[in-house]
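Worth saying up front: this structure is predicted, and the values here are computed from it rather than measured. Throughout, a chain's letter reflects where its sequence line sits, starting with A, and its residues are numbered from 1.
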Amino acid sequence: MTLKPALRTLAQSYTNQTLKQYQLSYHSKPLCHLHAIAVSPKSESFVSESRKSVIAHHLLDKTPQRDLLEYNHLLFEYFRNDRNNEAINLFVGLWRSGLQANGSILSSVLKVCGCLSDQVAGRQLHCQCVKSGCAEDVSVGTSLVDMYMKTEGVRDGRKVFDEMGDRTVVSWTSLIAGYARNGLNDQALELFSEMRLQGNKPNPHTFVTVLGVLAAKGMVEKGSQVHTMVIKNGFESITFVCNSLINMYLKSGIVKDAKAVFDCMPNRDAVTWNSLIAGYVINGLDLEAFEMFNQMGLAGVKFTQPIFVTVIKLCANYKELVFARQLQCCVLKSGLAFDRNIKTALMVAYSKCSEMDDAYKIFSMMQGFQSVVTWTAMISGYLQNGGTEHAVKLFCQMSREGIKPNDFTYSAILMARPSFSIGQVHAQVIKTNYEKSPSVGTSLIDAYVKMQNVHEAEKVFHIIDEKDIVAWSAMLSGYAQIGDTEGAVKIYLQLAREGVIPNEFTLSSIINACAAPTAAVEQGKQFHACSIKLRLNNTLCLSSALVTMYAKRGNIDSANEVFKRQGERDLVSWNSMISGYAQHGNGKKVLEVFEDMRRQNLEMDGITFIIMISACTHAGLVDEGKKYFNIMVQDYHIDPTTEHYSCMVDLYSRAGNLEKAMDIINGMPFEAGANAWRALLGACRIHRNIELGKLAAEKLIALQPQDSAAYVLLSNIYATAGNWQERAKVRKLMDERNVKKQPGYSWIEVKNKTYSFLAGDLSHPMSDLIYSKLEELNNRLSDMGYQPDTNYVLHDVEEEHKAAFLSQHSERLAIAFGLIAKPPGSTIQILKNLRVCGDCHTVIKLISVIEARDIVVRDSNRFHHFKDGLCSCGDYW
DNA sequence: ATAGGGTTAG
């Protein structure tokens with residue numbers, strides 16, 4: 001029964017008064033129309049739902065005796081329009097009236113029970129069917145199968161099916177569909193074969209069901225076979241069959257075939273377009289999806305709810321604010337303005353575009369109809385836009401209104417640190433039984449890692465029930481962040497053993513872990529190989545991670561190889577490459593890459609300029625550094641942050657222009673942070689400015705009382721000036737505050753084994769040889785006229801001893817060992833956790849001449865390539 | 001319809 005526009009007028013003008021008139025002539029046409037209104041789908045909202053139910057009740061209660069046919073008709077209409085509860089009520093009415101339900105009625109009610117997942121009612125009906133003898137009826141049998149399959153009664157459904165004397169295609173299809181909806185895809189496919197073996201011809205619905213199974217399993221080959229069958233059976237022009245074909249091809253990644261089906265269709269409906277658009281999105285063809293949406297509009301097809309949801313989500317991903325607003329207008333015109341899913345999607349889109357007022361407007365208009373989903377959407381919207389306070393307020397308000405947070409809410413709210421303590425949220429998570437949820441667990445892992453508490457993160461990780469790839473990746477990234485290569489590799493091996501397939505995020509984390517100074521170079525290469533095998537090496541995030549890994553592990557050429565091979569690059573790729581060259585002190589290449597970016601009009605960000613300015617700092621190019629700061633502000637309209645000002649302080653400080661550095665500190669629009677003072681302090685030590693050094697140290701110590709660097713630098717300043725009294729005071733302060741100086745370590749890798757050295761270390765089995773090698777070197781150094789620069793010794797001892805202290809710095813021990821253990825002529829690679837001291841820097845330059853060796857030292861800041869008595873850092877570091 | 005993991009700097 002379709003509703004004609006004229007009927008709308010009737011419905012709108014309908015009053016109880018008019019109903020009374022119609023009641024008099026029950027069999028007259030208008031009353032049939034009222035039936036139609038009462039059972040009409042909810043989307044046809046020109047009559048309100050409450051009014052429809054008034055009409056329905058009226059019809060039920062006040063109309064004279066009805067016969068089975070009428071009941072049957074009304075029941076079917078209710079069922080068809082998803083009005084299951086009304087259908088049940090009607091059936092109860094029938095039962096009360098003493099009429100004996102026939103097969104068709106029982107069949108309809110069984111279908112309703114299936115939809116309501118009410119097996120208990122279904123079983124009672126089953127008994128009634130048996131008693132009344134209807135169970136023999138094919139349509140009743142089929143409905144019984146359907147009911148059991150929809151109410152978790154797979155076995156019972158199968159039993160009914162097996163015992164059916166007569167079966168139709170519909171019976172077969174119901175069973176196949178039942179298996180499919182219970183995730184038993186293999187059984188569904190088996191049954192499909194069996195059905196055909198027994199000579200049953202599938203109908204269009206059978207094909208739809210089977211294609212759905214094949215789509216879920218991504219079985220394209222079988223899928224195209226079924227496509228052939230569809231054609232043989234002459235169903236290739238049926239719209240809903242084609243829709244399933246399109247869906248199957250797109251879910252299996254065969255975009256071309258899906259488009260071919262689409263192009264050949266004589267009639268397309270909204271589902272067709274939706275399948276294509278949503279399928280394009282699944283396959284990452286976002287722009288094509290936008291284009292098809294456009295064409296759908298041109299084709300004059302009415303947009304439906306799922307289409308809007310899909311396209312609005314696309315807008316969210318692309319921050320397409322203008323388009324999102326246009327879509328909101330379309331939604332209004334389409335009469336879908338009350339749809340909660342669309343509204344939520346719009347809220348998210350506005351949040352992603354940082355239009356929080358618009359998002360909140362939609363949210364507040366939903367008052368009374370909000371659910372945990374809409375609350376969570378709003379809360380995470382604020383969190384992603386830095387509105388932590390709003391988010392926290394909403395979270396509390398939500399609890400006050402009696403809406404319980406779910407796993408989505410908890411994983412979102414864990415970003416609201418430190419407004420919520422992790423401990424509190426963690427406790428709530430445990431109480432509400434969400435601790436096993438992968439998404440909540442992953443957020444907890446991340447939160448603990450960011451607090452440097454990897455131990456707690458590990459505990460959370462072990463509790464997660466079914467660890468998905470995101471959870472594994474989060475744990476890996478935790479180890480990467482603390483530089484624990486071994487821990488990361490262990491986790492990677494574990495996930496590989498469990499058959500989990502890594503994605504680009506997983507691999508970029510493990511590669512990042514291999515960029516740690518202590519990792520063996522070979523390890524990173526192995527994971528590079530893994531990523532090639534998985535064909536992920538060209539993904540954006542992974543190739544950036546590779547560039548960084550190779551650069552940090554000393555292999556700038558491999559880093560450049562990866563960079564050159566990239567088919568697609570983003571800002572991060574370029575930044576990674578520039579920063580690699582900057583760390584290696586290759587100023588020429590830094591400029592080259594930067595100019596490349598500029599010529600191509602590529603986007604640059606604050607990080608690009610931090611790299612550029614600090615590259616200038618290390619090359620002693622003060623004017624150039626200043627130039628880049630100006631380019632950033634004037635040409636690229638990037639607001640300088642505290643970090644940029646700190647870089648400028650560093651630029652002037654290292655060049656010895658301490659006054660200018662102080663000018664920057666005094667002139668910047670923020671309070672100077674720890675980095676600025678630390679830069680100034682370091683320069684004060686080199687340029688021996690005690691007064692300014694004292695000031696910088698005091699500021700730095702006030703900002704970071706537990707950071708040993710400030711104390712050590714200050715004590716170095718006093719030591720350089722020979723002021724041992726003041727120096728002792730600093731040491732005492734460190735003891736009082738329990739601040740520990742970070743010991744200096746150096747590492748060298750020989751034959752895939754890493755050896756570590758402390759200053760004055762005697763633990764190496766070859767110590768004797770190492771120290772005699774050092775002595776030999778020292779003799780040759782004095783022959784060359786080298787004088788130790790004892791300013792770098794921190795103890796109050798005789799000059800002679802000071803020299804001894806210097807010659808036993810950890811990097812020298814490592815180099816001596818390298819000279820002994822590595823074949824002549826090979827490059828010696830050293831890692832150091834602290835900065836190289838000035839004296840060692842001089843000595844290593846000389847050693848590179850004496851021993852005719854290339855020596856590469858990676859200290860806490862950068863690379864030093866020593867060759868022929870020179871260093872790549874140009875003595876700025 | 002809502003959520004969690006990754007790559008760049010000092």
Side-chain angles (χ1 to χ4, degrees), chain A residues 305-306 308-310 312-313 316 339-349 351 366 371-381 383-384 405-415 434 437-447 449 464 467-478 480-481 503-512 515 539-549 551 570-580 582-583 604-615 617-618 641-644 646-647 649-650 673-676 678-679 860-862:
Chain A
Q305 187 251 24
F308 277 124
V309 171
T310 308
I312 293 170
K313 277 170 135 184
D339 187 274
R340 259 211 306 205
N341 298 6
I342 292 182
K343 279 193 184 178
T344 312
L346 278 168
M347 275 168 56
V348 172
S351 298
M366 280 198 273
S371 67
V372 71
V373 178
T374 52
W375 280 96
T376 305
M378 198 62 228
I379 289 170
S380 52
L383 285 173
Q384 282 154 16
N406 65 9
D407 43 349
F408 284 73
T409 324
Y410 283 121
S411 31
I413 204 75
L414 278 163
M415 275 175 59
Y434 279 118
S437 142
S439 66
V440 179
T442 305
S443 300
L444 276 168
I445 291 172
D446 196 46
V449 166
I464 298 176
K467 301 176 182 67
D468 59 12
I469 190 62
V470 185
W472 285 103
S473 307
M475 197 60 241
L476 268 179
S477 124
Q481 280 175 51
N503 63 18
E504 65 262 46
F505 303 130
T506 326
L507 278 158
S508 57
S509 282
I510 187 75
I511 298 267
N512 190 23
T539 54
L540 271 178
C541 71
L542 188 42
S543 42
S544 296
L546 283 168
V547 169
T548 307
M549 186 273 290
D570 66 358
L571 179 60
V572 179
S573 327
W574 288 92
N575 283 352
S576 306
M577 192 67 248
I578 301 191
S579 126
Q583 281 169 359
M604 299 193 189
D605 65 356
I607 293 178
T608 318
F609 286 96
I610 286 179
I611 301 169
M612 292 311 291
I613 298 168
S614 61
T617 304
H618 293 296
T641 62
T642 44
E643 277 102 343
H644 292 106
S646 300
C647 284
V649 172
D650 200 21
N675 286 336
R678 192 179 295 117
S860 57
N861 282 344
R862 60 187 301 96

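- Closest to the side chain of A/T374, from the set B/dT2, B/dA1, B/dT8, is B/dA1.
- Distance, A/L476 CG to B/dT7 P: 11 Å, rounded to whole Å.
- Proximity note for A/N512 (side chain, C-beta onward) versus B/dG6, B/dT7, B/dA1: the nearest is B/dT7.
- For the pair A/M347 CE and B/dT2 C1', the computed distance is 8 Å after rounding to whole Å.
- Using a 4.0 Å heavy-atom cutoff across all strands shown, A/Q481 reaches sugar-phosphate atoms only and no base atom.
- Considering only side-chain atoms of A/I610, the nucleotide from B/dA9, B/dG4, B/dG5 that sits closest is B/dA9.
- At the heavy-atom level, A/S508 lies under 4.0 Å from the strands shown only through sugar-phosphate atoms.
- Nearest nucleotide to the side chain of A/S411, out of B/dA3, B/dA9, B/dG6: B/dA3.
- Summarising the geometry of A/S646 relative to A/N675, their closest heavy-atom pair is OG-CB, 3.8 Å, with the distance given to 0.1 Å.
- In this structure, A/S371 reaches the bases: a heavy-atom distance under 4.0 Å links it to at least one base atom across the strands shown.
- Straight-line distance from the CG atom of A/L507 to the P atom of B/dG5: 18 Å, rounded to whole Å.
- Taking only side-chain atoms of A/A412, from C-beta outward, the nucleotide of B/dA3, B/dG5, B/dT8 with the closest atom is B/dA3.
- For the residue pair A/A474 and A/T442, the shortest heavy atom distance occurs at CB-CG2, 3.5 Å.
- Residue A/S579 has a polar side-chain atom (N or O) positioned under 4.0 Å from OP1 or OP2 of B/dA9.
- Residue A/K313 places at least one side-chain N or O closer than 4.0 Å to OP1 or OP2 of B/dA1.
- When all heavy atoms are compared, the tightest approach of A/I413 to A/L383 is CA-CD1, 4.0 Å.
- The nearest pair of heavy atoms linking A/I379 to A/T409 is CD1-CG2, 4.5 Å.
- Candidate nucleotides B/dA1, B/dT2, B/dG5 were compared by shortest atom distance to the side chain of A/V309, and B/dA1 ranks first.
- Here B/dT7 presents its P atom at 15 Å from CG of A/L571, a figure rounded to the nearest Å.
- Of the side-chain N and O atoms in A/K467, none sit less than 4.0 angstrom from OP1 or OP2 of B/dG5.
- Summarising the geometry, the separation between CD1 on A/I342 and P on B/dT2 is reported as 13 Å, rounded to the nearest angstrom.
- Using modelled atom types and a 3.5 Å distance limit, the side chains of A/N512 and A/S509 yield no donor-acceptor pair.
- Using a 4.0 Å heavy-atom distance criterion, A/M415 is classed as a sugar-phosphate-only contact.
- Side chain A/N503 to base B/dG5: a donor-acceptor pair is found below 3.5 Å.
- The side chain of A/I611 approaches B/dA9 more closely than any other nucleotide in the set B/dA9, B/dG6, B/dT7.
- Side-chain N/O atoms of A/Q583 include one lying less than 4.0 angstrom from OP1 or OP2 on B/dA9.
- Spacing between atom CG of A/D446 and atom P of B/dT7 amounts to 10 Å, rounded to whole angstrom units.
- Here B/dA1 is the nucleotide among B/dT2, B/dA1, B/dT8 with the atom lying nearest to any side-chain atom of A/R340.
- Between A/F408 atom CZ and B/dA3 atom P the separation is 8 Å, expressed in whole Å.
- Side-chain atoms of A/V470 lie closest to B/dG4 of the nucleotides B/dA1, B/dG4, B/dA9.
- Residues A/S380 and A/Q384 bring no donor and acceptor atom of their side chains to less than 3.5 Å of each other.
- Residue A/S443 is in sugar-phosphate contact alone, with no base atom involved, counting any heavy-atom pair closer than 4.0 Å across all strands shown.
- For B/dT2, neither phosphate oxygen OP1 nor OP2 lies less than 4.0 angstrom from any side-chain nitrogen or oxygen of A/S380.
- Separating the NE2 atom of A/H644 from the C1' atom of B/dA9 is a distance of 9 Å, rounded to the nearest angstrom.
- The listed nucleotides are B/dA1, B/dG4, B/dG5; the one nearest the side chain of A/Q384 is B/dG4.
- Heavy atoms of A/V348 sit under 4.0 angstrom from primed sugar atoms or phosphate atoms, though from no base atom.
- Here the side chain of A/H618 pairs no donor or acceptor atom with the backbone of A/A582 at under 3.5 angstrom.
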